[in-house]
Amino acid sequence: MVVTPQNPAELTAKDYASDQTVRWCPGCGDYSILAQMKKALASLQVEREKNVFISGIGCSSRFPYYTNTYGMHGIHGRACAIAGGLKMIRPDLTVWVITGDGDGLSIGGNHFIHTIRRNIDINIVLFNNRIYGLTKGQCSPTSEFGKKTKSTPLGSIDFPIHPCTAAIGAEAAFVARSIDVHVKHLAATLEAAARHKGTSFVEVYQNCNIFNDGAYLYATDRQQKFDNILELEHGKPLRFGKNGEKGIRLRGLDVEIVNVGDDGVSESELLVHDEKAATPTLAYLLSRMHYPKFPEPIGIFRSVESPTYDELIHDQIAKAAAAQKPDLDAFFHSGETWTVK
Amino acid sequence: MSTTEEGNQSERRIQEIDSATVRFAGDSGDGMQLVGGQFTTASVFSGNDISTLPDYPAEIRAPAGVLAGVSGFQINFSSHKIHTPGDVIDALFAMNPAALKVNLADLKRGGLLIVNSESFSQDDLEKADYSDNPLEDGSLEDYRIVSIPITSMNRGAVEGLGLDRKAADRCKNFFVLGLAYWIYNRPLDNTLAWIDRKFTKNPALRDANRRTLEAGFHFGETAELFDSSYQVRKAPIAPGTYAKITGNEAVVYGLLAASHLSNKPLFYGSYPITPASDILHQLAGLKQFGVVTFQAEDEIAAVCSAIGAAFGGSLAATGTSGPGVSLKSEAIGLAVMTELPLVIVNVQRGGPSTGLPTKTEQADLFQALFGRHGECPLPVLAASTPADCFTMTIEAARIAMEFMTPVILLTDGYIANGSEPWKIPDLNSLPKINVEYYVDIERFQPYARNERLSRPWAIPGTPDLMHRIGGLEKQHITGAVSYDGENHEYMVKLRQAKIDGVEEDIPNAEIFGDPSGKLLVLSWGGVYGAAQTAVEFVRESGKSVSSVHLKYLNPFPKNLKKILPNFKKILIPELNLGQLRYIIRAHFLIDAIGLNKTQGKPFRVDEIVEAIDRALEAE
């Protein structure tokens, strides 16, 4: 059999479309994320067969069916664990985890933390719509305090978990955020995540137009978004507003919003973004900025290199094999043995 | 069970015996497992067949001297083939009153009882809940008691080596071992060599252990406290090179062998749990074989990582005990649905819940067969002895990869920690496991099947075989998601037929004894040794009893349905309330009799002999 793999440089987004009918609700933000993912895959120039998508359960977790790569739709909350096992045995693959706020942070919260702290070289993309979609409208761990849902008719009394903060708390080396309809930004963020060696975590604000429509209107609406979103750029001061007229300044150990320019402070007083900062302090600070008090940062919070778990395992294996010949027969005879004639 | 054969006692003072069972018992920090292990090695080097039973508490270190902290190691060594660590013990070495109290009931009348006289202070006695000193109140007069001031004799032996009191006292287990070597006529050289290796970096401890081992031995010789020492002749053992192996070690060796025979890399994802943890410990130290071991954050991650690794093309395994299997069950369902090969080793322990973590039980058969939702069949295998864990692990891996299915291998705490001689196989003589990754793009369909009804193993990275699998129902052949009811029913039956078809690929059940008769003892798992010994024993007296030992529980060996009706009665001894009996009744409409025990201990041979006699009498 002769297989002539397609030159990855020639692949386009269309090559990544599977033969399955996409079955998300019309208008779902997932469509956009799927489209941007296909674009990102094409621009990564990785052989199609080297990409693997692993998911858990939920609307977002149907994602692997819709990409013409290898994929596994797993069980609720466990995609990170499945993906980790795959990556450990197959470091040659580009492994993606597609998860949602319920899947990844409720039932899968444990695996989320441990996968990140181990720094297994996989890419976790968390679709955050702040609601349970597939089970039809219960609150999720990212739902806001007081949220009224089917399971919280008097308002949720759970305080929400903040995905980027949680990831940074678990020592994530790559943390980013984007928005489903912010298409160019999203594709670029996914691509950057894939290029990062180690666990990369991308939170994507995603609209569920059935059960939580408009949850991110403040971030997507043309009139409001400039005041509510702050695009992070490495080495650039934190400015936002339609004309960049506002900025973020450090005050003690916290941040404050200031006006920039003639009627405000000079740009030199603003906090400058450093995604390469060795410590996660700045990334943490940024991840704590929430609407409506602050504009919410999108882009790469943190991107630093550190050894990956899969790399370390195979280093250990190589060293052990160099130190001790992998001779099974000799190993079986290596303990105390006796011979009966 | 030993027959005494007097040697030329007056001169050599060595009595030849057929077999003996010895138990070392002390505090869990006293080094009893170590002493037992050394004694076992010395026994196999002397040519005996052996079987061992370590028994230790779940508490890591209970307060010294209390009943809860007693750790024991029992070994049966023999001049003939044996199957169990022995029912009653011939000699008990008790390091303190608590060890005496916990173990005395198993010492046979007239048995040798060696105690450390210096550990019977008022304080020690109180900790062991003794109101009177058993050494003085006459309660031990049925035994041949040898009371030795072990503590001070050991201190004397190690004096001048600069050890502090605590370190010196820690050596006293080797004094006891030396004494045991004298009593059973064993050479010291192997243990001396072991001490030299173990303590290369600490010459003082090396010398101390050497000295006290020899002191114990010489004490036996000179003290004239014993009528004689004993000699157990070599057992007739098949030629070959042997190693002593525990069940857990045998699982490790089996996984490595299966990886070698299938030419697939080994992945082992696990979460620590007694009594399965040693599998992880040992594999983690064998990285030179390319083994990827992963200590996961929980049991679910452990099995899921293995599923990911199986998807990636490795021989994937996870090992645990019953509570861990409970957590893994949803993921095992995923492996059934995705039809990926996976070996799940369940080292059974007393349950339910945390139950008896360090004690054995055989009560997870229902869990293995049925502990998942939906129609979720998979092959279930059970190892019979420590060494058999090697063979059955390879079998589990073979079936998993050849049939593309998860396989559950049941062992138990008793065989996992127990040891016996293992004839080291010639790797080249073991049959290869012929599994290839699928690469044929012309006909690739992820859920097409071969003659075994097994689907192709196409791994990520293979050009042009891109496909998606998952827990949702599959369309037959294409593997596309399907909610069609007719298709679901078809697939449910297909998955069942695939597992049923495994019976074509496994050996027939072997009958020990006559192919028909009054009674068949039907056993499974770690009950093998006791059941076999019992059946051998009753057959010697001419009773019409045969036995079949099952190592394949799902599906059953093909010939089982023909065997069972040839016997008037079927007795099923199990360490549970009758799980195999329930299955046998359901499968074959045969009213089997149960012999059931759930005390955290294996069967004694006499318990099964009695049950056989009862069943025969009740005719």
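Heavy atoms only: backbone and side chains are in, while hydrogens, waters and symmetry mates are out. Below, chains carry the letters A, B, ... as their sequence lines are ordered, and counting in each starts from 1.
The main-chain N or O of A:T69 is found under 3.5 Å from a side-chain atom of B:R468 such that the two form a donor-acceptor pair. Side chain of A:Y70 to backbone of B:T462: a donor-acceptor contact under 3.5 angstrom is found. No side-chain donor-acceptor contact under 3.5 Å links A:R78 to the backbone of B:C304.
At a threshold of 4.5 Å between non-hydrogen side-chain atoms, the residues A:M72 and B:L334 count as touching. Side-chain contact check for A:N110 versus B:I300: every heavy-atom pair is 4.5 Å or farther apart. The side-chain heavy atoms of B:D298 and A:H111, taken from C-beta on, include a pair separated by under 4.5 Å. The side-chain heavy atoms of B:E297 and A:R118, taken from C-beta on, include a pair separated by under 4.5 Å.
Ranked by non-hydrogen atom pairs under 4.5 Å with chain B, the options A:S61, A:G71, A:P326 are led by A:G71. The candidate with the highest count of non-hydrogen atom pairs below 4.5 Å against chain B, out of A:R90, A:Q316, A:H76, is A:R90. With chain B as the partner, the residue from A:H114, A:K50, A:Q20 showing the most heavy-atom pairs under 4.5 Å is A:H114. Note on B:F267, B:F311, B:W194: by heavy-atom pairs under 4.5 Å with chain A, the leading option is B:F311. The residue among B:A331, B:G240, B:G471, B:S314 with the most heavy atom pairs within less than 4.5 Å of chain A is B:G240. Per-residue counts of heavy-atom pairs under 4.5 Å with chain B were compared for A:T339, A:I113, A:I82, A:D327; the largest is that of A:I82. Heavy-atom pairs under 4.5 Å with chain A peak, among B:I424, B:I459, B:L427, at B:I424. Top candidate by heavy-atom pairs under 4.5 Å with chain A, chosen from B:G313, B:A302, B:G290, is B:G290. Put simply, of B:G47, B:A243, B:G269, B:A310, the one with the most heavy-atom pairs under 4.5 Å next to chain A is B:A243. Most heavy-atom pairs under 4.5 Å with chain B: of the set A:K325, A:R48, A:K87, this distinction falls to A:R48. When the candidates A:C80, A:A318, A:G74 are compared by the number of heavy-atom contacts under 4.5 Å with chain B, A:G74 comes out ahead.
Of the atoms belonging to A:D92, not a single heavy atom falls under 4.5 Å from chain B. For A:R62, the part lying under 4.5 angstrom from a heavy atom of chain B is the side chain only. Proximity to chain A involves both the backbone and the side chain of B:V481, based on heavy atoms less than 4.5 angstrom apart. Heavy atoms of B:Y268 lying under 4.5 Å from chain A are absent altogether. Looking at B:I245, there are no atoms closer than 4.5 Å to chain A (heavy atoms on both sides), in backbone or side chain. The contact between A:L93 and chain B is made entirely by side chain atoms (from C-beta outward), counting heavy-atom distances below 4.5 Å. Using a 4.5 Å cut-off between heavy atoms, B:H467 contacts chain A through both its backbone and its side chain. Of the two parts of A:F53, neither the backbone nor the side chain holds a non-hydrogen atom closer than 4.5 Å to a non-hydrogen atom of chain B. Neither the backbone nor the side chain of A:N51 comes within contact range of chain B; no heavy atom of the residue lies under 4.5 Å from a heavy atom of that chain. Interface residue B:A301: backbone and side-chain heavy atoms are both found under 4.5 Å from chain A. Neither the backbone nor the side chain of B:A316 comes within contact range of chain A, judged by heavy atoms closer than 4.5 Å. Using a 4.5 Å cut-off between heavy atoms, B:L256 touches chain A through backbone and side chain atoms alike. Contacts between A:E336 and chain B at a heavy-atom distance below 4.5 Å involve backbone atoms as well as side-chain atoms.
Distance check: B:F294 CZ to A:Y309 OH gives 5.0 Å after rounding to the nearest 0.5 Å. One distance of note links CD1 of A:I89 with CG of B:L315; it measures 9.0 Å at 0.5 Å rounding. How far OG1 of A:T337 is from NZ of B:K423: 14.0 Å, rounded to the nearest 0.5 Å. Taking NZ of B:K287 as the start and NE2 of A:H314 as the end, the distance is 10.0 Å to the nearest 0.5 Å. The CD atom of A:E49 sits 7.0 Å away from atom CG of B:D464, with the distance rounded to the nearest 0.5 Å. One distance of note links NE2 of B:H260 with CG of A:D329; it measures 8.5 Å at 0.5 Å rounding.
When all heavy atoms of B:P460 and A:V52 are compared, the pair lying nearest together is CB-CG2, 3.6 Å. The two residues B:G470 and A:Y65 come nearest to each other via the heavy atoms CA-OH, 4.1 Å. Heavy-atom minimum distance, A:L86 versus B:G312: CD1-CA, 3.3 Å.
The number of heavy atoms from other shown groups lying within 6.0 Å of OH (B:Y271) does not exceed 12. Remark: A:K136 NZ is loosely packed, at most 12 non-hydrogen atoms of other residues, nucleotides or ligands lying under 6.0 Å away. Annotation for B:R443: atom CZ does not count as buried by contact number, only 12 or fewer foreign heavy atoms lying within 6.0 Å. No more than 12 heavy atoms of other residues, nucleotides or ligands sit less than 6.0 Å from atom CZ of A:R23.
Classified by interplanar angle (parallel below 30°, tilted 30° to 60°, perpendicular above 60°), the ring pair A:W338/B:Y242 is parallel.
Checked against salt bridge (charged side-chain N to carboxylate O under 4.0 Å, His left out), A:K319 has no partners two or more places apart in sequence or in another chain. The side chain to side chain donor-acceptor pair (under 3.5 Å) check on A:S43 picks up A:E191, with sequence neighbours excluded.
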